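What you see is a predicted model, and the numbers here were worked out from it, not measured in a lab. Numbered from 1 within each chain, the chains take letters A, B, ... in sequence-line order.
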2 protein chains.
Amino acid sequence: MNLVEINKALANDTRMDIMCWLRDPEKHFRKHKDGKGFEDGVCVNVIKEKTGMSQSTISHYLSSLQRVGLVQTVRVGKWTYYQRNDDMIRKFLSELQLIL
Amino acid sequence: MNLVEINKALANDTRMDIMCWLRDPEKHFRKHKDGKGFEDGVCVNVIKEKTGMSQSTISHYLSSLQRVGLVQTVRVGKWTYYQRNDDMIRKFLSELQLIL
DNA sequence: ATTAAATATCGAATTTTATCGATATTTATG
DNA sequence: CATAAATATCGATAAAATTCGATATTTAAT
């Protein structure tokens, strides 16, 4: 875990928003069209719609968040579902608490 | 207090290091040449020496940290002493804990 | 009043980030 | 297998961050 890299990932309004929204997908995102719930996370396109940014940008953002471990993904068919990695988030917060 | 702006300030190894070093100046910095202690903080030049970066860069870094409220300064004669703003740091950490 | 020391600001060069549209890839479906 | 849908990657451009050396400013000491 690299604290500064995680801070970089969170040093952007949209990426920070996404992290917060993913705490409670029901509250923040529209339902998946195929009726699937959010138990595996939220698919890229639904996040894209919420932000209003381009698909490529959001895909890129989500990759960054994944690269530093803040989110996890599952691929199911043609969809990639993104959800928070609460383990890593806890680790990050306590490490930051400890050293800062 | 702007969470994302604070994250940007901490999204750099040197600035993060400085914040950490300032937790315990006695441990991390050489003494001030005029014999002054660290009760008001650490002067720019001593921080500059520790990092090995240029004076202008470190001055700039310290300004960024001050702009977001992570450090406070006192001017005494020709010296500017920088020290942590623990109040703000606490606020930042608990806000981050709360929303992330 | 000059000079010297500490810090801040300016201007510039380089690197990194942000962001898009276009294209490639993967998977499901007719 | 051809097509469509979802996502990922590529290439490009604009904006922001990094970092320096040079210069300006402020204060102390002669």
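Between B:L10 atom CG and D:dT18 atom C1' the separation is 16 Å, expressed in whole Å. The NE2 atom of B:H60 sits 10 Å away from the P atom of C:dC10 (whole-angstrom rounding). If you measure from atom CD1 of A:I47 to atom P of D:dT7, you get 9 Å, rounded to the nearest angstrom. Distance CD (A:E5) to C1' (C:dT17): 12 Å, rounded to an integer number of Å. The NZ atom of B:K8 sits 9 Å away from the P atom of D:dA16 (whole-angstrom rounding). The NZ-P distance, from B:K33 to C:dT7, rounds to 11 Å in whole Å. Between B:K36 atom NZ and C:dA5 atom C1' there is a gap of 17 Å when expressed in whole angstrom units. At whole-Å resolution of the value, CD1 in A:I58 and C1' in D:dA6 are 15 Å apart.
Side chain to side chain, A:S56 and A:S59 fail the donor-acceptor criterion of an N or O pair below 3.5 Å.
Mapping A:W79 and A:G52 onto DNA chain C via the closest heavy atom, the residue that lands nearer the 5' end is A:G52. Comparing A:N12 and B:Y81 against DNA chain C, the residue whose closest nucleotide sits nearer the 5' end is B:Y81.
Put simply, B:N45 has no side-chain N or O that comes within less than 4.0 Å of OP1 or OP2 on C:dA5. Side-chain N/O atoms of A:S54 include none lying less than 4.0 angstrom from OP1 or OP2 on C:dG21. Listed pair A:Y82 / D:dA8 meets the phosphate criterion, a side-chain N or O lying under 4.0 Å from OP1 or OP2. Residue A:T80 has a polar side-chain atom (N or O) positioned under 4.0 Å from OP1 or OP2 of D:dA8.
Although no hydrogens or angles enter the test, the distance criterion places no donor-acceptor pair under 3.5 Å between the side chain of A:N7 and the main chain of B:N7. Under a 3.5 Å cut-off, the side chain of B:T57 and the backbone N or O of B:M53 do not form any donor-acceptor pair.
The side chain of B:S59 sits closest to C:dT7 out of C:dT7, C:dC20, C:dT17. In this structure, the nucleotide among D:dT26, D:dT18, D:dA8 sitting nearest to the side chain of B:R75 is D:dT26. Taking every side-chain heavy atom of A:M53 into account, C:dC20 is the closest of D:dA17, C:dC20, C:dA5. Considering only the side chain of B:K78, C:dA5 comes nearest among C:dA5, D:dT18, D:dA6. For A:R15, the listed nucleotide lying nearest its side chain is C:dA18; candidates were C:dC20, C:dA18, D:dA8.
Under a cut-off of 6.0 angstrom, the local environment of NZ in A:K31 is sparse, with at most 12 non-hydrogen atoms contributed by other residues, nucleotides or ligands. Other residues, nucleotides and ligands contribute over 12 non-hydrogen atoms within 6.0 Å of the NE2 atom of A:H28.
A salt bridge links B:D86 with B:R84: the closest approach of a Lys/Arg side-chain nitrogen to an acidic carboxylate oxygen falls below 4.0 angstrom.
Judged by distance alone, with hydrogens and angles left aside, B:Q55 brings a side-chain donor or acceptor within reach of the base of C:dA8, the pair sitting under 3.5 Å. At a cut-off of 3.5 angstrom, counting only N and O atoms as typed in the model, there is a donor on one side and an acceptor on the other between the side-chain of A:S56 and the base of C:dG21.
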